[in-house]
Amino acid sequence: MRLLLDTHALLWWLADEQLGEPARQAIADPANDVAVSAASAWEISIKKALGKLSAPDDLERQVQACGFSPLPISLAHGLAAGRLARHHEDPFDRMLIAQAWAEDLTIVTRDKRFDAYGVALLPA
């Protein structure tokens, strides 16, 4: 399985909290590829700078230590995110949805608004 962690799923994994057992098992399974989008790093960095979020200072190192694959944002991803129906207005989440479609990834999330896009989901 190829997974893409929503930002909250990534933070919960790193903090070892809140993830449901099926998501935890899927992320831990070495047979699965787990990706972390540059959009999540961007979101975390912005919210951390605004004082709205507590997150590790060494996020990139932690992501690497977990064996997760970084997923850059391409022009095609940006264009696809802009064309999505307006079911969800959060630009970071729209990017994750576009990336999941383009890269054939299953998003690990608790965000019910993702359902409207028909993208593959694994409840966090």
Side-chain angles (χ1 to χ4, degrees):
M1 183 181 299
R2 299 183 66 230
L3 304 173
L4 175 59
L5 301 182
D6 194 351
T7 304
H8 63 270
L10 169 63
L11 292 172
W12 292 347
W13 174 265
L14 295 176
D16 195 25
E17 62 185 26
Q18 296 189 39
L19 279 172
E21 195 54 33
R24 182 172 298 289
Q25 288 179 8
I27 295 167
D29 186 338
N32 293 334
D33 293 323
V34 181
V36 173
S37 174
S40 290
W42 181 22
E43 179 179 18
I44 289 167
S45 178
I46 288 172
K47 290 182 177 177
K48 189 173 177 183
L50 293 172
K52 294 183 174 186
L53 182 68
S54 176
D57 290 328
D58 61 343
L59 181 66
E60 187 172 13
R61 187 196 64 74
Q62 287 196 33
V63 166
Q64 290 171 347
C66 290
F68 300 158
S69 302
L71 179 60
I73 297 171
S74 70
L75 288 174
H77 295 152
L79 293 169
R83 288 191 296 263
L84 287 173
R86 306 308 284 189
H87 304 301
H88 201 320
E89 292 297 328
D90 182 292
F92 302 110
D93 289 337
R94 292 173 63 79
M95 179 54 68
L96 295 179
I97 292 162
Q99 289 181 303
W101 272 112
E103 307 299 329
D104 195 28
L105 299 166
T106 298
I107 303 176
V108 180
T109 186
R110 282 210 186 138
D111 191 333
K112 295 293 183 195
R113 295 171 292 180
F114 283 38
D115 292 339
Y117 292 97
V119 67
L121 301 174
L122 176 62

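In what follows, every heavy atom counts, from backbone to side chain, and hydrogens, waters and symmetry copies are set aside.
Legend: salt bridge (Lys or Arg N to Asp or Glu O under 4.0 Å) pairs involving residues 63-87, not counting sequence neighbours, sorted by first then second residue: Arg86-Glu89. Among pairs with a residue in residues 90-100, none fulfils salt bridge (Lys or Arg N to Asp or Glu O under 4.0 Å), at least two apart in sequence or across chains.
Atom-to-atom distance recorded for Ser37:OG and Leu10:CG is 10.5 Å, nearest 0.5 angstrom. Taking CG of Leu84 as the reference point, atom CD1 of Ile97 lies at 6.0 Å (rounded to 0.5 Å). For the atom pair OG (Ser74) and CD (Glu103), the distance works out to 6.5 Å, reported to the nearest 0.5 Å. The CD1 atom of Ile44 lies 15.0 Å from the NZ atom of Lys52; values are rounded to the nearest 0.5 Å.
Using a distance-only test at 3.5 Å, with no hydrogens or angles considered, no donor-acceptor pair links the side chain of Tyr117 to the main chain of Ala98.
Residues Arg110 and Asp6 are not paired through a salt bridge, judged by the lack of any N-O separation under 4.0 Å between the basic side chain and the carboxylate.
The ring-ring contact (aromatic ring centres under 6.0 Å, His included) check on Trp12 picks up His8, with sequence neighbours excluded.
Minimum heavy-atom separation, Ala100 to Leu4: N-CD2, 4.2 Å. Nearest heavy-atom pair, Pro72 versus Ala38, reported as atom, atom and distance to 0.1 Å: CA-CB, 4.3 Å. When all heavy atoms of Gln99 and Leu105 are compared, the pair lying nearest together is O-CD1, 4.2 Å.
Hydrophobic clustering of Ile, Leu, Val, Met, Phe, Trp and Tyr side chains at less than 4.5 Å, counting indirect connections, keeps Trp42 apart from Val36. The same ILVMFWY cluster, assembled from side-chain heavy atoms under 4.5 Å apart, contains both Phe114 and Leu71. In this structure, Val108 is a member of the same hydrophobic cluster as Met1, with clusters built from ILVMFWY side-chain heavy atoms closer than 4.5 Å.
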